[in-house]
Chemist: 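Quick one: the structure is below, and I'll ask about it shortly.
Everything numeric here is computed off the predicted structure, so don't read it as measured data.
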Amino acid sequence: MISRIIYSVLVLSTILFWPFWISLFMIFIGMLYFNKYYEGLALIIIFESLYSVPEVKIFDLYFVYTISFFFVFVLIQYLKKKLTLDTF
C-alpha cells in the first residue's frame, strides 16, 4: 500500500517537472504493476488538464490521452484476469 502511494506521488512529480513521455511511460508501468491502478487514470486527467491544447483535436475529441489510457487500463485488467495462474 505504501509503495503504491509513493509511486503515485513520484508519477505526479514527473507530470509536473519532467517531459510528458516519461510521465506516460510511468503511468503505463504503474498500470501493469499494480492491481487496478485507478490513480493512473486520475493522474492522466491531471496531465491532460495541465498540458492539453484546445486547438489540437484528433477526430474532434479532447482528452485523447485520457480516452486512450482508459482503453489501455481496461485491456490490461482483462489480460491480467485471463493470464492468472490460479486456474489450476
Chemist: Where do Q77 and N35 come nearest, in terms of heavy atoms and distance?
Modeler: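 In terms of heavy atoms, the two residues are closest at OE1-OD1, 3.6 Å.
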
Chemist: Working to the nearest 0.5 angstrom, can you tell me the gap between Y37 OH and M31 CE?
Modeler: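 Between atom OH of Y37 and atom CE of M31 there are 8.5 Å.
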
Chemist: Using only atom types and a distance under 3.5 Å, with no angle test, would you say the side chain of S8 pairs donor to acceptor with the backbone of E39?
Modeler: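 Flag not set: sc S8 to bb E39 has no pair under 3.5 Å.
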
Chemist: Measuring centre to centre across the rings, with the benzene-like ring taken for any Trp, is Y51 within less than 6.0 Å of F47?
Modeler: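 Under 6.0 Å, so yes.
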
Chemist: Taking C-beta and beyond as the side chain, do F70 and V74 meet within less than 4.5 Å on heavy atoms?
Modeler: yes

Chemist: Looking at every heavy atom in both S23 and T14, which two are closest together, and how far apart are they?
Modeler: OG-O, 3.0 Å

Chemist: Using a 4.5 Å cut-off on heavy atoms from C-beta on, say whether the side chain of P19 contacts that of I22.
Modeler: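 The answer is yes; the side chains approach within 4.5 Å.
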
Chemist: Spell out, yes or no, whether F25 and Y33 are grouped together once hydrophobic residues are joined by side-chain heavy atoms under 4.5 Å, including indirect joins.
Modeler: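 Yes, F25 connects to Y33 through the hydrophobic network.
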
Chemist: Quick one: are the ring centres of F73 and Y38 less than 6.0 Å apart?
Modeler: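 Judged by ring-centre distance (under 6.0 Å), F73 and Y38 do meet the cut-off.
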
Chemist: In this structure, would L50 and L10 fall into the same cluster of hydrophobic residues linked by side-chain contacts under 4.5 Å?
Modeler: yes

Chemist: Just how far is it from atom CD1 of I6 to atom CE of M1, taken to the nearest 0.5 Å?
Modeler: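 The CE atom of M1 is 11.5 Å from CD1 of I6, to the nearest 0.5 Å.
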
Chemist: Are V11 and F17 grouped together when hydrophobic residues (ILVMFWY) are joined by side-chain heavy atoms under 4.5 angstrom apart?
Modeler: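 Both belong to a single hydrophobic cluster.
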
Chemist: Judged by atom type as modelled, is there a donor-acceptor pair below 3.5 Å linking the side chain of Y7 to the main-chain atoms of M26?
Modeler: yes

Chemist: Going by the side chain to side chain contact (heavy atoms under 4.5 Å, CB included) test, name the single residue among I44, I15, L43 that passes it with L24.
Modeler: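 With L24 as partner, side chain to side chain contact (heavy atoms under 4.5 Å, CB included) holds for just one option, I44.
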
Chemist: Tell me if a side-chain donor or acceptor on K80 pairs with a main-chain N or O of L75 at a distance below 3.5 Å.
Modeler: no

Chemist: Quick check on the hydrophobic clustering: are V9 and I45 connected, directly or via other members, by side-chain heavy-atom contacts under 4.5 Å?
Modeler: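 No; I45 is not reachable from V9 via cluster members.
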
Chemist: Do I76 and L32 come within less than 4.5 Å of each other through their side chains, counting heavy atoms only?
Modeler: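 Yes. Closest side-chain heavy atoms under 4.5 Å.
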
Chemist: Would you say I27 ends up clustered with I5 if hydrophobic residues are merged whenever their side chains have heavy atoms under 4.5 Å apart, either directly or through other cluster members?
Modeler: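 No, I5 and I27 fall in different hydrophobic clusters.
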
